[in-house]
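Throughout, a chain's letter reflects where its sequence line sits, starting with A, and its residues are numbered from 1.
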Amino acid sequence: MSRSQYIYIYFAISIAFISAAVFNSAPTYAADARQFNAGKIIDDAIFTNSNSMTVQEIQDFFNSKVTCDTWGTKASELGEGSRRQWMANRGIYPPFRCVSDYYENPTTGENNFGKTTTPTGAISAAQIVYNYSKQYNINPQSIIATLQKENGMITDQWPTPKQFTEAMGFGCPDNVAPGAPACDPAYKSFATQVYQGTRHFRGYMDNQYCNQTWCTTKRVGQTTLQWNPDIACGTSSIYIENKATSALYTYTPYRPNQSALNAQYGLGDGCGAYGNRNFYLYFTDWFGSTSSVVSVTSPLRITGGVSGSYFTKTPIVVSFDVTNVANYAMGIGSMAVTVRDSQGRNFDYALRPILVPANSTVKYESSQILPTEGTYTFGIVNYKDNAWNDTYPSSSNAGNARSLNVPVIAMPTLTSNLSTVDDLRVGKASPVTFTVRNNSAQELNLGKVAASIRGPQKENLDLAPEAITLTSGQSYVYTKTFTPGAEGVYALSIASTRTNGAVWEMNYPLPEDNIVNDIVRTVKPANTITSGVNSSTADLHTRQATQVSFTLKNHSDSAIDLGKIGLMGRDPQGHNVDPGVVSVVLAAGEEKIVSFNFTPTVVGGFLFATLGTADGGKNWNNGPISESLSQSNSIYITVN
Amino acid sequence: MPMRINKNIHRTKRNVIIIIAVSLLLLGVAGTWYFLNNSGSHELRENAIDYNPPTDEQKNAGLNAKSEFNKAHYDTQTTESEDSGVKKEVGLLISSMNQNDNTLTIAASMEVLDDNGVCNLKLSRTGFDTIAAQVKTFKITTYSACQDFNVDITGLEKGEWSAQVDYVGNSAKGTASAKVVVK
């Protein structure tokens, strides 16, 4: 290849690698102050994520942001020669300390500034930030951004002692009354500053009022904010959307104006304020977005109970939605719903890894049965980076419940089978019965309970419901009578309602082991042939009289007029030898023999079969059916 | 003739090389595109610790804060000014007025640290009796607030009222007023 050809290839490979290297490197996120959301500076979940950094990570972060000019050898940015000279002019002498190598005893305030040794009991600034972050459940990154926005502590290579002792700006008013100190001396140490600042962040979030014991001035809701400590700069009315923003504005009660936002990290006009803007910028640049692209977009839902009440022995289903508004997929670790009973015992639902595709919503859903009666606390929880977090991802709507207290009642049970007689008859009242028991330690209103019956045409034949309230351990025997109106197959089950009929439940009360709560019965006709057609003479000869008879029974609870009942008779040649018909009325429960005389005149086989008519003889049928196959409605008699 | 043959071979080689070069370029772009759309590194957006040295912008903003801080704490004499007996006029802000059921809550804050002052509220309307209330002040991080005025508005005429809050402390005072609509 020629030299130019090598150059082509070299150029192409270089472009390919460079483009891949540039685009594939970890994304950088330069904050844009114009994206500052005045009503929601930072999500509650992010502001309070105390698991975001370990002590070592905080220390590493400090180390990455500052190289301390311990001896002040570099030129002072504030004039007056070297940094050492500037300090000396104010009575401050090296070794100077930065946030990366500052140690302080939190109890005494004794520290290593100006010293070559570390005082007894002193801990690092990173440890102090970490400790109070954990104590008050505030993100250490929120503390770090505050330290930087107050006096530039994090990037300062030669901070003054007062920058440490007033590090969080706590107790240092923007306007000082005559004779008053610039800062409240009660908070004069780095640890006290971090402690108070963090404690107040937590306090402002948790106490949205102002009285003798606590005071949060910029509460969630509509509020008025000054643009600047100079009240002549005017005010703006904004809606504070969440508690973290309430805490930040209560801490630093100024809203950056447009000139401050347009200036990014720089200075705006005379009415600009930079505290909250810089908090946003530093946080975003150093730790990522202040608002989650993934959020919980539904309340914690608990379903699967019985009409809004929850019972043991029946699945309780929990669910919630997680939405990703980014145009890329987001893995957020794993999610679960924690459950604790009143003794703090763990009944957590399944922990499931959650990957939310771009611009999508996924639903977490899990089901389990809680074993014992009691009040349980359910809560959405995230597990990521070996840490549990009950505020991440944050809720898109502050009104969406993430935690619920739910009473779970011992499931009432069915302690005897749903039963009725085996021989159900049309028109005959039969008992339907079952027994329920309250297993709760408390009195329980079970609602209304009934035997549900569906007829052969699926028609609703439900028996009357009973409203049942039982004391602890009490049982109730439900007994109703059922009178079928037609033959056919009937399905019986137990139905109950806790909503006065709006919703009917089919598995409440729950059957105990080997107890059935649904049965099927075939309803037979009210009247049948209980003894089949028979001849009184076994060996019949011509001209010998005999009686051909059968027995009918009315199984129902009322009299039945069967109309005309008879016997059809045919001789060996098929000639009509019908013995006759009679009108039959059977009283309730009556069994009656219907009998006809017959004298054959020829030898051979004679057939006799029952007859019936429902219309006075216009149309004839086979009459009542037989109770069983052995009770035939016909007979073949051989005459000798 | 031999010269022409050489030229063709030369051209073919060049075309092959160009194809390889373009292919490599496309491969790089495609790889980048795939990475940006599938990489889990996007997760870092929500909690990415930047261990890079601070940018000049960040350092300068920090230096501004440091400069302002040290000017106030080392180079000004506010801590040593004497109390002349004249109360300093400070900004007082009525920050919220919220009505819940029969209670009107008025919040106000002032640009001074003081937890020994008092705040007085006057709620007035022409033709009606003025309603007055007094609360103490409470120190916040860098300023103070009047404890909430919780005014029972049962029976109060609906419509617009004038609210005036006056703060008086040992060394400072302030006043603010606003209109409030009783619903």
Side-chain angles (χ1 to χ4, degrees), chain A residues 5 8-9 12-13 15-16 19-20 23-24 26 29 52 57 60-61 64-65 77-78 90 148 151-152 155-156 160 162-163 169-170 172-179 181-182 184 200 209-211 215 217-218 221 223-224 226 229 231 250-251 253 265 278 285-289 292 328 330-331, chain B residues 17 21 24-25 27-29 31-32 35-37 40-54 57-63 65-67 69-70 72-74 78-79 81-84 88 90-91 93 95-96 98 107 109 111-113 138 140-143 145 147-148 171-172:
Chain A
Q5 288 165 344
Y8 283 143
I9 290 183
I13 292 173
I15 293 288
S19 62
F23 289 109
N24 289 1
Y29 311 105
S52 66
E57 284 174 329
D60 291 345
F61 178 81
S64 75
K65 290 292 172 279
E77 298 93 331
L78 305 179
R90 288 156 184 80
Q148 175 68 6
N151 64 39
T155 57
D156 198 343
T160 61
K162 283 185 179 176
Q163 283 180 253
F170 191 86
C172 301
D174 295 294
N175 288 312
V176 181
D184 192 328
H200 279 74
Y209 52 76
C210 186
N211 59 24
C215 195
T217 57
K218 313 301 177 189
T223 196
T224 301
Q226 290 178 220
I231 202 162
T250 298
Y251 201 94
Y265 277 104
N278 285 354
D285 273 345
W286 287 348
F287 307 118
S289 174
S292 302
Y328 42 79
M330 287 286 295
Chain B
I17 289 162
L24 283 169
L25 270 171
L27 199 65
V29 172
T32 299
F35 186 92
L36 289 177
N37 285 281
S41 72
H42 288 298
E43 192 174 336
L44 297 175
R45 275 181 185 274
E46 284 214 58
N47 184 15
I49 303 170
D50 171 20
Y51 290 107
N52 295 310
E57 272 191 320
Q58 292 165 1
K59 283 194 286 192
N60 288 337
L63 188 61
K66 172 193 175 81
S67 175
F69 177 88
N70 286 302
H73 291 78
Y74 287 101
T78 49
T79 58
S81 64
E82 295 199 357
D83 188 348
S84 62
K88 181 185 177 183
V90 295
L93 176 70
S95 54
S96 66
N98 293 316
S109 55
E111 296 293 327
V112 66
L113 273 179
F138 195 103
I140 320 292
T141 49
T142 59
Y143 59 103
Q147 289 168 13
D148 286 350
S171 57

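- Under the 3.5 Å distance criterion, the side-chain polar atoms of A:Lys65 are matched with a main-chain donor or acceptor of B:Asp50.
- B:Tyr143 places no side-chain N or O within 3.5 Å of a backbone atom of A:Pro229 that could act as its donor or acceptor partner.
- Contacts between B:Ser95 and chain A at a heavy-atom distance below 4.5 Å involve backbone atoms as well as side-chain atoms.
- In this structure, the portion of B:Phe138 lying under 4.5 Å from any heavy atom of chain A is its side chain and not its backbone.
- Between chain A and the options B:Ser96, B:Ala65, B:Ala107, the largest number of non-hydrogen pairs under 4.5 Å is found for B:Ala65.
- Looking at A:Asp156, only its side chain comes within 4.5 Å of chain B, counting heavy atoms on both sides.
- Between the side chains of B:Gln58 and A:Trp286, at least one donor N or O sits under 3.5 Å from an acceptor N or O.
- Taking the six-membered ring where tryptophan is involved, the planes of A:His200 and A:Phe170 are tilted, since the angle between them lies from 30° to 60°.
- Considering only heavy-atom pairs separated by less than 4.5 Å from chain B, the leading option among A:Gln148, A:Gln226, A:Glu77 is A:Gln226.
- B:Phe69 does not carry A:Lys162 over the face of its six-membered ring by the limits of under 6.0 Å from the centre and within 45° of the normal.
- Between chain B and the options A:Thr160, A:Thr155, A:Leu78, the largest number of non-hydrogen pairs under 4.5 Å is found for A:Thr160.
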